[in-house]
Amino acid sequence: MDSRPPPPQPDSPTAETVAGRLLAWYDRHRRRLPWRAGPGETPDPYRVWLSEIMLQQTTVATVGPYFERFTARWPTVAALAAAPLDAVLAEWAGLGYYARARNLHACARAVVERHGGAFPDEEAALLALPGVGAYTAAAVAAIAFDRPASPLDGNIERVVARLFAVAEPLPGAKPELRRLAATLTPSARPGDYAQAAMDLGATVCLPAKPKCLLCPLEADCRARALGIAERLPAKAPKAERPTRRGVAFLARRADGRVLLRRRPDKGLLGGMAELPSTDWRTESWAEAEALGSAPLPAAWDALPGLVRHTFTHFHLELGVWRAELPAATDSPAGARWVPIDGLAGEALPTVMRKLLRHGLA
DNA sequence: AAAGCGTGGGC
DNA sequence: TGCCCAAGCTT
C-alpha cells in the first residue's frame, strides 16, 4: 500500500467554470466554416442539418466541397426533397457511408411531408427523422435552435473523458460520458457551447498529441493533472480486417461506352453504380470460375495488376478483366451502357472509380 | 447489442 | 506501410 499523499488534483470541474472558459475561448477562436453562422447571425437549420450528416465520421476538409455543391444545387430542404434519389447519390459519390445519402433524401422528404418544410426545433422530433440519431438530434437542436441539448460526438467524448479522467474504455464508457457531458452544458448559449466543445476537441484536445498548453481547460483537467491525457479515452481493441477477392468486368463498347449496373438499395454501396463483378470472397477465383460471373459473353482479357481498396471492415483485392464489344451490343438485364465522358456524373463510389481508372488507362 | 457501413489524411 | 482517426446511424 502506497502511503504517500496523492498528487494534487483539480476539484471535479463545475459546469460554470468549464462552460465559461470554453465560451470565452470560442469567442476568440471561432472557426469560420461554410455551414456555421457568424456571430449574431441566425443559423439556417437546413444547412446545420446537412453539415451534421456530412460530418458524421468525416473530416471538415473532406466535407467542404461537398457541402458547397449540395447547397448550390439544392438551396433548401424542399429543393433537396424534390430531387431524384439518384441525383443525390451521384452528388454524394466519394463521400462514403452511402446510407447517409439515402437517409438524407428520405429525411428531406419527411421534413416536407411531416413538418411543412421546416425542421422541428425539438430533439425528440428530430430524432424521429431518418438518419438522425442521438448525436445529430442534439447537435441540430443546440446549434440551429440554441436549445440546451448536449450532443456527444467523438470530440466531446475525448474532451470529457480527459476532463474527468474516465478510464473505462469506449464504447462502454459512453453512458457515463454522456451523463458527465450533460452536467457541463450551460443554459446560456448552448449552441455556441456545443460548437466550442467540438472545436476544442478538433483543434486542441487532439487524440494523439493534445495541445494542453493552449487549452483553456488545462487547470480543470484531471487527466492533465495525472499525466494521462494522451492515453484517454481508452478504446476497445478492433476486430481484424480480412481480405476479400474478386474479379471486375469492364465491358467497353466501340462507341465509347462502358457497362454499369446499379447495386441493390441496401448494404455495402447500396444504390450506387458499379462495374459487374464476381462475389467478393476470401478465396481467390480460378479463371474458369470467374468467367461464370461475366455480364455477357465476350473475349475477356485479364489486365495486369490488382486494384486494392480498404473498407471499414475488410480489404478488397480486385482483378480487372476487359472486353471490347461492337457498338450494337445490347445491354444485359439490369445493366446499361454509359458514355465514358459521362462517368463523372454517375453515382460511382471511389472503389469503382479506381477500377475504371485501372481499366481505361 | 455487436456488427455493418467508406474514404482520405496523418504519422 | 499499416493503423488510427474523423461532428455516427441502423439493424
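Naming convention: chains lettered A, B, ... in sequence-line order (proteins, then strands); numbering from 1 in each chain.
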Worksheet item: In residues 147-159 of chain A, which residues come under 4.0 Å of DNA chain C by heavy atom?
Response: Asp153(A), Gly154(A), Asn155(A), Arg158(A)
Fill in: Residue-level proximity of residues 75-98 of chain A to DNA chain C when a heavy atom falls under 4.0 Å
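Hits under 4.0 Å, by residue number: none.
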Discussion item. Are Lys354(A) and His358(A) packed together at the side-chain level, in the sense that at least one heavy-atom pair is separated by less than 4.5 angstrom?
Written reply: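 Not touching, per the 4.5 Å side-chain cut-off.
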Discussion item. Counting C-beta onward and ignoring hydrogens, is there a side-chain heavy-atom pair between Glu91(A) and Trp74(A) closer than 4.5 Å?
Written reply: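 With C-beta onward as the side chain, the pair touches.
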Discussion item. Parallel, tilted or perpendicular: which one describes the rings of Phe70(A) and Trp92(A), with boundaries at 30° and 60°?
Written reply: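 Answer is perpendicular, since the angle exceeds 60°.
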Whole-Å distance separating the [atom1] atom of [X] from the [atom2] atom of [N]:
X         : N       : atom1 : atom2 : answer
His309(A) : dC5(B)  : NE2   : P     : 13 Å
Glu240(A) : dG4(B)  : CD    : P     : 13 Å
Leu269(A) : dG4(B)  : CG    : P     : 15 Å
Tyr66(A)  : dG6(B)  : OH    : P     : 13 Å
Lys209(A) : dC11(B) : NZ    : C1'   : 9 Å
Arg241(A) : dC5(B)  : CZ    : P     : 13 Å
Leu316(A) : dC5(B)  : CG    : C1'   : 14 Å

What is the nucleic acid contact for [X], judged by heavy atoms within less than 4.0 Å: base, sugar-phosphate only, or nothing?
X         : value
Thr310(A) : base
Trp35(A)  : base
Lys235(A) : sugar-phosphate
Leu33(A)  : base
Arg31(A)  : base
Val132(A) : sugar-phosphate
Pro349(A) : sugar-phosphate
Ala134(A) : sugar-phosphate

Between atom [atom1] of [X] and atom [atom2] of [Y], what is the distance when rounded to the nearest 0.5 Å?
X         : Y         : atom1 : atom2 : value
Met198(A) : Thr203(A) : CE    : OG1   : 12.5 Å
Trp25(A)  : Arg30(A)  : CH2   : CZ    : 11.0 Å
Gln57(A)  : Asp153(A) : CD    : CG    : 9.5 Å
Leu268(A) : Tyr98(A)  : CG    : OH    : 9.5 Å

Worksheet item: Looking only at atom P, what distance separates dA7(C) and dG4(B), rounded to whole Å?
Response: 24 Å
Practice prompt. Please state the P separation for the pair dG6(B) and dT11(C) - nearest whole angstrom.
Written response: 14 Å
Worksheet item: Want to settle it: does Thr59(A) or His315(A) sit nearer the 5' end of DNA chain C, counting the closest nucleotide to each?
Response: His315(A)
Item to complete: Take Lys266(A) and Met198(A), find for each the nucleotide of DNA chain C with the closest heavy atom, and name the residue whose nucleotide sits nearer the 5' end.
Response: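 Taking each residue's closest nucleotide, the earlier one in sequence belongs to Met198(A).
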Item to complete: Taking only the side-chain nitrogens and oxygens of His313(A), find out if one of them lies under 4.0 Å from OP1 or OP2 of dA3(B).
Response: no
Worksheet item: Would you call Asp121(A) and Arg147(A) a salt bridge, using N to O less than 4.0 angstrom?
Response: yes
Discussion item. Quick test of your reading of the model: are Glu41(A) and Arg47(A) salt-bridged, counting only N-O distances below 4.0 Å?
Written reply: no
Worksheet entry | Along DNA chain C, first and last positions that approach a heavy atom of chain A under 4.0 Å | dC5(C) to dT10(C)
Practice prompt. Mark yes or no for whether Arg263(A), through its side chain, and Glu274(A), through its backbone, hold a donor-acceptor pair below 3.5 Å.
Written response: no
Fill in: Side-chain (His309(A)) to main-chain (Met352(A)) donor-acceptor, under 3.5 angstrom
no
Practice prompt. List the steps, then state whether side-chain contact (heavy atoms from CB on, under 4.5 Å) holds for Trp337(A) with Thr329(A).
Written response: CA-CA 9 Å; Trp337(A) 292 102; Thr329(A) 308; 4.0 Å; yes
Worksheet item: Has the side chain of Thr312(A) got a donor or acceptor atom sitting under 3.5 Å from an opposite partner on the base of dG6(B)?
Response: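 Such a pair is found, so the answer is yes.
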Worksheet item: Going through the checks in order, is the side-chain hydrogen bond (donor to acceptor under 3.5 Å, both in side chains) test met by Gln56(A) and Arg100(A)?
Response: CA-CA 9 Å; Gln56(A) 288 168 8; Arg100(A) 291 186 296 171; 5.0 Å; no
